[in-house]
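In what follows, a structure is listed as structure tokens, so that the remarks can point back to it.
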Amino acid sequence: MTTQKNSFSVALFSVLFGLIIGAIIMLVFGYNPISGYMALLGSAFGSMQDIGGVLTQMTPLILTALGFTVAQTAGFFNIGLSGQALAGWVGAVWYSLSFPNMPVYLMIPSALIIGAGLGALAGAIPGWLRAQFGASEVIVTIMMNYILLFLGNNILQNTMSKGIKESAETTKQVGANASLQMKWLTDLTQGSSISAGIFISLIMIIVVWFIMTKTTLGFEIRAVGLNTDAAKYAGMSTKRNAVVAMAISGGLAGLAGTIEGLGNYLNFFTQNGSPAIGFDGMAVALLGGGSYLGILGAAAILSVLKIGGLGMPMSSGVPFELVDIVTASIIFFVGASYLIKLMQARIKAMDDKAAQTTEAKKLSNVGSASDSNQKGGE
Amino acid sequence: MSLMAMLALIISSTLVYSAPLIFTSIGGTFSERAGVVNVGLEGFMGMGAFASVVFNLTFADTLGAATPWLGLLAGAIVGLLFSLLHAVATVTLRADHIISGTVINLMAPALGVFLIKVLYGKGQTAPIAQDFGYASVPGLSKIPLFGQLFFEKTSGPAWLAILVAIISWYIIFKTKFGLRLRSVGENPQAADTLGLNVARLRYSGVMISGLLGGVGGAVVAQSISLNYSASTIVGQGFMAMAAMIFGRWNPIGALFASLFFGLSQSLAVIGAQLPGLNNVPSIWLQIAPYILTIIVLVFFFGKTRAPKADGVNYIKAA
């Protein structure tokens with residue numbers, strides 16, 4: 001589970017190859033790839049509303065990807081991002097509906113803290129269980145995804161008072177005092193569900209980058225992730241760092257869920273499965289290759305695909321799932337970057353060889369005897 | 001409800017819910033014993049479920065009652081082919097195993113639903129005509145008491161799964177192939193020095209996991225969900241992965257872990273019919289299996305140890 005730092009070109013080639021695979025699949029099944037991709041671009045960038053949709057989609061993905069990266073840096077595989085996000089979502093919506101008269105300057109910060117805090121708690125538990133008892137965080141986070149999913153639905157259906165519910169399956173919309181949507185943004189994007197969440201996400205990229213690379217805490221988390229024994233020998237508490245890293249990871253996911261609740265949907269409704277933002281966030285982190293700017297780019301690309309894909313069935317007949325196949329292919333090539341690096345090395349070798357032969361020709365024109373030596377050295 | 005009837009109900013539903021987990025977790029065991037981390041079990045199951053349902057819908061008329069069993073075969077073949085993607089990525093192209101597994105999980109439902117839309121024009125299939133249902137094991141069901149509880153009106157795939165678990169234990173721990181498989185998972189360099197083909201062994205580990213994962217998915221589709229849609233396989237692969245770790249990378253351990261998960265999942269489903277449990281709020285029955293798993297993991301198992309070279313790519317010196 002090593003963090004692979006991918007060069008920008010690997011990511012670029014991966015996206016290109018992923019799109020080519022998508023085009024081949026469209027051709028095989030009798031769709032026109034050009035009109036398919038035009039439809040994709042059209043519904044991702046066709047109007048300000050579409051662009052708002054892309055930014056809305058990006059918002060939680062950035063946060064869950066950051067969460068995945070922090071846990072991975074500490075040597076944890078956090079598959080629990082979706083459950084942690086759900087905890088934040090339910091908690092924040094429930095809290096804000098319970099205090100409809102709280103002024104906005106108190107409500108929003110406290111709701112964000114509660115949502116992120118619940119996510120952090122849901123992340124800290126598996127971190128602590130692994131640090132204290134050696135229990136695999138993979139199993140615990142998988143199990144907690146289910147627990148939180150069922151608990152969330154149960155809180156909605158049985159615990160919340162009737163007064164804050166629209167029906168048995170959905171809550172009422174959160175009030176204006178808790179909504180993260182901003183009028184000028186909504187107007188600008190013709191009524192998309194974009195919110196101030198996108199700014200929170202962008203700020204969090206900087207905050208997490210700063211914590212992880214410029215502070216003692218970040219240094220310790222990285223040290224523990226790279227070599228637990230060495231970190232322990234250097235006097236760092238591996239237990240504390242495990243819990244803190246997983247809490248940060250879960251907190252970021254919880255924040256993502258909070259923004260889904262208070263910014264995007266403005267309510268909570270019965271979930272059939274763990275929210276997709278958890279696994280999509282993993283994909284974003286992997287495409288971003290563990291770099292913070294990479295996460296931003298990767299979130300943008302995957303969101304364009306997701307939102308663009310929604311328009312594909314209407315205008316080109318291509319099933320929406322094609323974009324998920326493209327996404328998976330992109331991540332495949334990121335993972336198999338060895339293939340791309342190998343190809344780059346081949347191309348470079350050929351260039352070098354071409355340069356060498358021209359060099360050699362020049363030399364042989366002058367009448368040098370080193371020509372044969374050079375060939376032998378290849 | 002009489003005690004016998006209650007026990008029979010619990011046992012048969014436990015077997016139904018365990019069967020897919022047993023197959024898939026043993027598949028995962030083969031892959032990880034060979035040193036390839038397999039978070040893609042969910043995806044293998046998805047493709048197996050997809051293939052078996054398409055097969056079942058296409059051939060149910062001609063094949064009759066044998067259809068679900070041949071559907072297992074279809075799931076196995078498609079699962080195996082799909083697992084080649086994971087094998088090529090991790091063994092040949094040196095990809096990070098987690099990334100490759102994530103790709104498998106992202107790809108399977110997308111590909112499955114895409115193909116279903118192409119084939120049938122809608123996002124989910126019609127229900128299958130021939131499913132596993134409940135059958136009695138001939139001969140064994142005649143044993144008094146015991147036969148009645150375990151072999152009458154029981155799940156056929158579950159007993160096949162238990163058989164597979166025993167055979168897999170024998171293969172992994174008692175045969176030359178198993179020894180070699182484990183050696184490339186523990187110390188590929190040493191194995192290579194002794195003349196073993198690390199890449200080939202790792203390929204076979206992953207392909208067995210694809211085969212068994214495909215079977216697991218086919219069992220879910222043909223005995224529980226009875227059709228295919230994006231929500232046929234939601235999390236069973238991850239449960240199987242947990243069962244594999246819980247079972248400490250041992251097929252018999254995986255078998256018992258899967259039975260445990262199957263029991264607790266089935267209690268959530270049939271709890272309302274059982275005296276004593278029917279007054280418990282359903283939320284507790286729903287989350288009990290997962291909480292129990294965490295508790296058992298923490299207090300009774302503690303540290304689990306994966307094969308040493310699990311997830312480590314072996315790059316042969318040129």
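Throughout, a chain's letter reflects where its sequence line sits, starting with A, and its residues are numbered from 1. Owing to the predicted nature of the structure, the values given are computational and were not obtained by experimental measurement.
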So, for [X] and [Y], which heavy atoms are closest and what is the spacing to 0.1 Å?
| X | Y | result |
| --- | --- | --- |
| A:D324 | B:A110 | CB-CB, 3.3 Å |
| A:P319 | B:K117 | CB-CD, 3.7 Å |
| A:A135 | B:V298 | CB-CG2, 3.9 Å |
| A:A283 | B:L106 | CB-CD1, 4.0 Å |
| B:A95 | A:A336 | CB-N, 3.9 Å |
| A:A328 | B:V103 | O-CG1, 3.5 Å |

Heavy-atom check, side chain of [X] versus side chain of [Y], under 4.5 Å:
| X | Y | answer |
| --- | --- | --- |
| A:N158 | B:I283 | no |
| A:I147 | B:I294 | yes |
| B:M107 | A:F332 | no |
| B:M241 | A:I79 | yes |

Can you say whether [X] sits under 4.5 Å from chain B via the side chain, the backbone, both, or neither, judging by heavy atoms?
| X | answer |
| --- | --- |
| A:L151 | both |
| A:I325 | both |
| A:S329 | both |
| A:L129 | side chain |

Does any backbone or side-chain atom of [X] lie under 4.5 Å from a heavy atom of chain A? Answer side chain, backbone, both or neither.
| X | answer |
| --- | --- |
| B:I104 | neither |
| B:V312 | neither |
| B:T92 | backbone |

Top of A:I142, A:L148, A:T327 for chain B proximity - count of heavy-atom pairs under 4.5 angstrom:
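With the most close heavy-atom pairs to chain B, the winner is A:I142.
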Which one of A:F150, A:F29, A:Y31 has the most heavy-atom pairs closer than 4.5 Å to chain B?
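When all of A:F150, A:F29, A:Y31 are compared, A:F150 has the most.
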Nearest-0.5 Å distance that lies between atom [atom1] in [X] and atom [atom2] in [Y]:
| X | Y | atom1 | atom2 | value |
| --- | --- | --- | --- | --- |
| A:I331 | B:D96 | CD1 | CG | 12.0 Å |
| B:Q286 | A:N153 | CD | CG | 8.0 Å |
| B:L297 | A:R130 | CG | CZ | 12.0 Å |
| A:M143 | B:I287 | CE | CD1 | 13.5 Å |
| B:T102 | A:F68 | OG1 | CZ | 6.5 Å |
| B:I99 | A:L286 | CD1 | CG | 4.5 Å |

How about CD on B:Q189, more than 12 heavy atoms from neighbouring residues, nucleotides or ligands closer than 6.0 Å, or not?
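Not more than 12 within 6.0 Å, no.
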From CA spacing to verdict: ring pair (Phe, Tyr, Trp, His ring centres under 6.0 Å), A:F279, B:F238
CA-CA 13 Å; A:F279 284 95; B:F238 290 106; 5.6 Å; yes
Among B:S100, B:G235, B:G123, which has the most heavy-atom pairs under 4.5 Å with chain A?
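The candidate making the most pairs under 4.5 Å is B:G235.
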Largest heavy-atom contact set with chain A, pairs under 4.5 Å, which of B:V234, B:T90, B:N105, B:L111:
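When all of B:V234, B:T90, B:N105, B:L111 are compared, B:L111 has the most.
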